[in-house]
Number of protein chains: 2
Amino acid sequence: MTNQNFSKTSSVDVIHALIKTSHYIQREFEASIASLDMPFQISGPRLRLLLKVSEFGKIRMSELATKLGIKARTVTDFVDALEQEKLLVRQPDPLDRRATLIQLTDYAKDQILKVQMCEKEAADILLRNLSQEQRDNLLHLLLGLTNYNEVQCNFEELI
Amino acid sequence: MTNQNFSKTSSVDVIHALIKTSHYIQREFEASIASLDMPFQISGPRLRLLLKVSEFGKIRMSELATKLGIKARTVTDFVDALEQEKLLVRQPDPLDRRATLIQLTDYAKDQILKVQMCEKEAADILLRNLSQEQRDNLLHLLLGLTNYNEVQCNFEELI
DNA sequence: TATTGTTATACTCTATAACTATA
DNA sequence: TATAGTTATAGAGTATAACAATA
């Protein structure tokens with residue numbers, strides 16, 4: 001595993017490797033989650049929304065759209081589906097009668113924990129060939145790549 | 001930019017950073033390509049298929065499906081669309097009358113060059129905060145992550 | 001007049017199942 | 001019987017546009 005082979009890398013090669021690796025990881029992650037055989041439909045985008053709601057406790061649909069980097073219309077569909085699965089509930093916002101607040105059910109909180117344990121296992125397997133130092137280094141490089149770009153990556157895509 | 005902040009990184013954090021960074025990069029890439037204002041519909045998956053055809057010169061639809069990690073049925077739709085855009089042509093395979101060979105048009109080859117120049121520009125911008133050494137290092141870590149996993153990443157997802 | 005969320009609609013990428021023609 | 005590609009259908013994730021209720 002010599003480093004020499006990869007010197008004078010072109011920028012496009014790095015970007016392609018990044019995208020390819022990420023696709024591979026996403027497939028593994030999604031497959032792991034699917035194999036959990038949860039009693040509801042779960043997926044990357046759905047989980048991402050649930051985790052965002054979890055982070056805020058209560059959050060407006062419009063804010064959710066902004067945070068996730070998707071449109072309000074798209075959030076409506078996700079919330080419809082997840083509400084039917086009993087994973088979240090809509091509540092009228094007492095401060096603004098146009099707005100709707102979203103909140104996780106207790107059931108959802110339990111289920112998310114299971115999914116997160118599964119993620120942890122999958123992540124450990126995926127990274128098993130990297131030493132702790134290499135992991136630190138990889139994270140450092142990834143953060144350096146986005147943090148210093150003027151276009152902030154202020155939506156969070158976890159899967 | 002000290003490295004200390006990121007030590008004892010959890011595996012999940014690294015994976016999430018990887019996926020998030022990749023999504024960000026894909027958006028930038030797709031936006032760059034869209035801004036080229038090409039006379040046809042281009043997108044990540046379409047470009048990926050075109051580049052795969054370009055790599056092989058002539059390739060059977062079934063092989064294309066395997067290489068891209070998608071189903072034959074999905075390839076049919078892509079080829080239908082791209083053939084209408086005059087970017088590729090179907091030819092009967094002389095060796096097997098069930099099979100169809102796909103080939104790029106000269107027009108497609110020109111257009112792909114433009115897209116690739118655009119990719120190069122976008123990649124340079126995205127990586128401008130990483131030194132040559134850091135790029136080499138990043139690529140090395142990414143390859144190490146996938147290469148040594150038993151599940152080979154033998155489809156290629158460029159965007 | 002602007003914003004929140006929804007109805008209506010559509011597009012892209014992907015899949016499975018059934019079928020046709022060939023091997 | 002198996003394979004290559006297509007027709008038919010579906011579903012997830014995303015979007016825009018028009019609209020109702022409210023600010």
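These figures come from a predicted structure and were not determined experimentally. Chain letters run A, B, ... following the sequence lines, proteins first and then strands; every chain starts at 1.
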Sugar-phosphate, base or nothing in reach of A:Ser62, heavy atoms under 4.0 Å: sugar-phosphate

Sugar-phosphate, base or nothing in reach of B:Asp96, heavy atoms under 4.0 Å: sugar-phosphate

Could you check how far [atom1] of [X] sits from [atom2] of [N], rounded to whole Å?
X       : N      : atom1 : atom2 : value
A:Lys71 : D:dA17 : NZ    : P     : 11 Å
A:Asp80 : D:dA12 : CG    : P     : 13 Å
B:Phe78 : C:dC11 : CZ    : C1'   : 12 Å
B:Leu95 : D:dA4  : CG    : C1'   : 14 Å
B:Gln26 : C:dC13 : CD    : P     : 12 Å
A:Leu49 : D:dG13 : CG    : P     : 10 Å
B:Leu68 : D:dG5  : CG    : P     : 13 Å
A:His23 : C:dT14 : NE2   : P     : 9 Å

Nearest to the side chain of [X] - [options]?
X       : options               : result
A:Arg73 : D:dG5, C:dG5, D:dT16  : D:dT16
B:Arg90 : D:dT6, D:dA4, C:dT14  : D:dT6
B:Ala99 : C:dT14, C:dA21, D:dG5 : D:dG5
A:Pro45 : C:dT14, D:dT14, C:dT4 : D:dT14
A:Arg98 : D:dT22, C:dT7, D:dA4  : D:dT22
A:Met61 : C:dC13, D:dT14, C:dT6 : C:dT6

Are [X] and [Y] within salt-bridge range, i.e. N to O under 4.0 Å?
X        : Y        : answer
B:Lys120 : B:Asp124 : yes
B:Asp80  : B:Arg90  : yes
B:Arg73  : B:Asp77  : yes
A:Lys52  : A:Glu55  : yes

I want to check one thing: is the phosphate of [N], taken as OP1 and OP2, less than 4.0 Å away from some side-chain N or O of [X]?
X        : N      : value
B:Arg46  : C:dC13 : yes
A:Arg97  : C:dT4  : no
B:Thr76  : D:dT7  : no
A:Arg48  : D:dG13 : no
B:Thr100 : D:dA4  : no

Check: A:Thr100 side chain, A:Pro92 main-chain N or O, donor-acceptor pair, under 3.5 Å: no

CD (B:Glu83) with more than 12 external heavy atoms under 6.0 Å: yes

Along DNA chain C (nearest heavy atom to each residue), the more 5'-positioned of B:Asp77 and A:Leu101: A:Leu101

